[in-house]
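First the structure, in the form of structure tokens, and then the observations on it.
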Amino acid sequence: MIKEKRWKPEFERELFDKWIKSKNFKFNPETKKDIFTVDTPPPTANAKWHVGGAGAYSFLDMIARIQRMRGFEVLLPWCSDRNGLPMEVSVEKHHKIKMHETPRKEFIELTAQWAEKIGGEVTNIAKKMGVVAEYDGDFYYETDKPYYRKITQSTFIELWNKGLIYEDTKPNNYCISCGTTIADAEIEYEDKSTDLVYLNFETEEGKKLEIATTRPELLGACAAILYNPEDERYKNLEGKKAKIPLYNDEVPILSHPSAKQEFGTGLMMLCSYGDYNDIRTIMELNLPEKILIDKEGNMSEKSGKYNGLTVLDARKKIIEDLKSSEFFVKSEKINHRTPVCWRCKTNVEFVAMPEYYLKQVKFKESLKKIVDKIKFHPKEYKQNLLDWINSVSRDWVISRRRYYGTEIPVWYCEGCKKPWLPKPGEYYQPWKDSPPEYAICECGSKEFYGDERTFDTWMDSSITELFITGYKRFPELFERSFPCSLRNQGKDIIRSWLYYSLLKTYQLLEAPAFEHVFINGHGVDEDGKKMSKSVGNIIEPMPVLEKYGADAFRFWCASETSVGNDFRYSEERMDASQKFLTKLWNLSRFISMFEMEGEDFELQESDKWILAELNRTIKKCDEGYKNFNFFIPANEIKNFSWNFFADHYLELVKSRAYNRDNFFSIKEKNAAIKTLRMVLKKTLKLLAPICPFITEKIWLEMFSKDSIHIELFPQEENTENSLLNLSKDLIELNSGIWKTKKEKGMGLNSEIKNVEIPDELKIFEKDLKKMHNIIE
RNA sequence: GGGCGAUUAGCUCAGCUGGUUAGAGCGUCACAUUGACAUUGUGGAGGUCACAGGUUCGAGUCCCGUAUCGCCCACCA
């Protein structure tokens, strides 16, 4: 019998400790069961979760638990992403230093220390939420550790050996603030207001040509003037030359479809490099490039008097200069979709640096076929990924000019400069170490110098599913567990984490990386706005968890919104979750008061009715869980246990269970108690993945010494489903009698006469009479 | 410009392959209730299911537009 009058979140801690100590939830690679692997998204060490972010991780735990109940050996790894830009940026901020001005070794040490210091917060939240994952052992990993980085490097070496890597110096996205080239997937677009400046260029004959540009500071880098081939206004200019304002250089006037007639004056200034289109067109037309912006993002000597200014300052200055010149016509404010670095939101420039590239353009079609083999939840996001794949138009730049990342494992011959790669399987740091002893260049030389660059963080992140399934670590396990069963992630990193994982896995293994991809929405605040630091509307999970407990929080996550939608935080709905737990607790407490007298029982029609309702609920929950849709089971269970089981069945058989006046036989009484307990037992199992604590607590009090979480999911059974047709009538009859009593000012337990029980409900007559105290 | 999704009670959302008077939670109003329920129960009010057409015996549910919002993609300098 349950003694505690109320479910208290404080019970959770003890239960969690027990789970962690138990062997039941630790992944056993030697298992005979089928393996289900979950690719936990590695939280960045400096991550701050809001309730939405935390909620996403509680889903992982729900998935792990339901799959265990389905008989799988489940691997839910735990991990921390500590590589690359996010960490470095946070160290630069904290220590108020610049990475490129700090000795590499010192910077690396600071970053490693920083990662240790701040790493634990999200893990504490996960534990508080009841997430039982691999917090230690072979399936706990940190992406900056040698055991992880060496796998990243191995994949690089293998891809190199397949001929998929090359080095090239071509203009690419360059973040001035981060001091490195970045990939297309690391670019975001922001609408920024900017000046569209109209200027007069001049033809050789002195004829004025009005041209609009948003990048006047690049006048000196102008390579040509373009007009659209269809544009009648400018056809006469073909082959002529134009003189650039302020710089006086002459450039050709050419026709090209990338110039749009409708924009500005229809004449376009082509510079190296104002945007990605400029890059493509200049390469296509084989025009000379003039680079006016240096690596620090300042104007170079070639820009003349603007040398040393930042891009934005140079723009201001040159607009002033133009305004006081004869060339200026007018300027207007326009909204310009500006590419910015997704980490630091700095405007991206286009600079040519020698970088390593991984081929991806030629894999687009194969990848689309691979995507077809993966099940998406919800399926809409598949299109999202396909859109991105379709938009890929150049290879992935994978080298970064940063310090705290996985080193590119390449040395170069001092003599002939040829690159040399070591064998895969070790962790290499070419910037400080000599190559292995067996290193020898094709030319016979043994003198090498190391590459100083690191990888794009996504090179590390895109192998998480390989790492956890045991790639290059546990060959037998890998054989059994690849492809990874499930990737769960946010929609904002479809183009990066998901795409790159699929790309690399396909290149290495020619197989899809995952069976299922589960995309969850963003956390939004009560007004539906995305939670973000800058808006200041972050709701932290810890206080919420302290107040309501993990189960209420998890139930809220599950019941709040359907798969893939954003979920918004609401205090009211958290209260509602908590009320449901209270209801469940009291329901259980009540049922726990009854004991059967002996073993004999004889099920009555009302018992069979609730069993049929239970069966229907099991079926619905099963369908929801199969699709990793927790919204369905959460709401079905709540509806069933509250509106059917507690409100109607329990009321119906209460008297029979007490049987104080021996109105019923022992067998009839026992049947009520038996049914109450059986329905509760299965309901608890249904709810266990979503609310692991309260179900466990009740389970241990009432049904078993062993955890509910090692039970199998309830099976559907043969029940008398024709009884389901009576549910509506039964509920209406009860409501009607309650209503009548209410209207007459009677207590619910007072006697009532002249109640006509409809024929089809006569089978419940005995229970009904007792329930409503109906007398003849 | 293209794609995807959304638009259902005051608020947040369910409504699968079209079928009788459109649902839930919260809120609101009224009443009842002290032995499972720091509450619960019952009842009421509240919706021309974004707008305009079409298919059909019959449409939130299918088709075609339009509008608004959100997200993704795209070479508007």
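In what follows, chains carry the letters A, B, and so on, assigned in the order in which the sequence lines appear, proteins first and then strands, with residues in each chain numbered from 1. Both backbone and side-chain heavy atoms feed into the values below; hydrogens, waters and symmetry mates do not.
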Next item on the list: Could you tell me whether A/Asp275 and A/Arg337 make a salt bridge, using a distance below 4.0 angstrom between a side-chain N and a carboxylate O?
Entry: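 Answer for the salt bridge query: no.
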
Next item on the list: Inspect the contact between A/Arg656 and A/Asp607 and indicate whether a charged nitrogen and a carboxylate oxygen are less than 4.0 angstrom apart.
Entry: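 Salt bridge between A/Asp607 and A/Arg656, a charged N being under 4.0 Å from a carboxylate O: yes.
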
Next item on the list: Test for a donor-acceptor pair under 3.5 Å between the base of B/rC76 and the side chain of A/Lys260, counting only N and O atoms.
Entry: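 By the distance-only test, no, there is no pair.
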
[N] to [M] separation - [atom1] atoms, rounded to the nearest Å:
N      : M      : atom1 : value
B/rA14 : B/rG60 : C1'   : 12 Å
B/rC29 : B/rU66 : C1'   : 40 Å
B/rU7  : B/rU48 : C1'   : 16 Å
B/rG54 : B/rU61 : P     : 14 Å
B/rC31 : B/rU56 : C1'   : 47 Å
B/rG43 : B/rU55 : C1'   : 42 Å
B/rG10 : B/rC57 : P     : 35 Å
B/rA74 : B/rU12 : C1'   : 35 Å

May I have the distance from [X] (atom [atom1]) to [N] (atom [atom2]), rounded to whole angstrom?
X        : N      : atom1 : atom2 : result
A/Asn390 : B/rC4  : CG    : C1'   : 14 Å
A/Arg573 : B/rC13 : CZ    : C1'   : 7 Å
A/Ile637 : B/rA14 : CD1   : P     : 18 Å
A/Asn384 : B/rG5  : CG    : C1'   : 10 Å
A/Met771 : B/rG41 : CE    : C1'   : 11 Å
A/Asn520 : B/rG5  : CG    : P     : 19 Å
A/Ile187 : B/rC75 : CD1   : P     : 11 Å
A/Lys583 : B/rG41 : NZ    : C1'   : 8 Å

Phosphate OP1/OP2 of [N] contacted by [X] side-chain N/O (<4.0 Å):
X        : N      : answer
A/Lys491 : B/rC71 : no
A/Arg337 : B/rC76 : no
A/Ser391 : B/rA74 : yes
A/Arg215 : B/rA77 : no
A/Trp642 : B/rG41 : yes
A/His336 : B/rC76 : no
A/Tyr198 : B/rA77 : no

Could you tell me whether [X] contacts a base, only the sugar-phosphate backbone, or nothing, with contacts defined as non-hydrogen atoms closer than 4.0 Å?
X        : value
A/Asp647 : sugar-phosphate
A/Ile279 : nothing
A/Leu650 : base
A/Trp388 : sugar-phosphate
A/Lys654 : base
A/Arg6   : base
A/Tyr658 : sugar-phosphate
A/Glu651 : base
A/Arg280 : base

Can we call the ring centroids of [X] and [Y] under 6.0 Å apart?
X        : Y        : answer
A/Phe11  : A/Phe693 : no
A/Phe59  : A/Phe630 : yes
A/Phe594 : A/Tyr658 : yes

Hydrogens and angles aside, do [X] and [Y] bring a side-chain donor and acceptor to less than 3.5 Å of each other?
X        : Y        : value
A/Ser727 : A/Glu613 : yes
A/Asn629 : A/His377 : no
A/Asn347 : A/Lys192 : yes

Next item on the list: Go through B/rA77, B/rC75, B/rC37 for me and flag the one nearest to the A/Asn277 side chain.
Entry: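 Closest nucleotide among those given: B/rC75.
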
Check: From B/rA36, B/rC4, B/rC75, pick the nucleotide closest to the side chain of A/Gln383?
Finding: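 Shortest atom-to-atom distance from the side chain points to B/rC4.
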
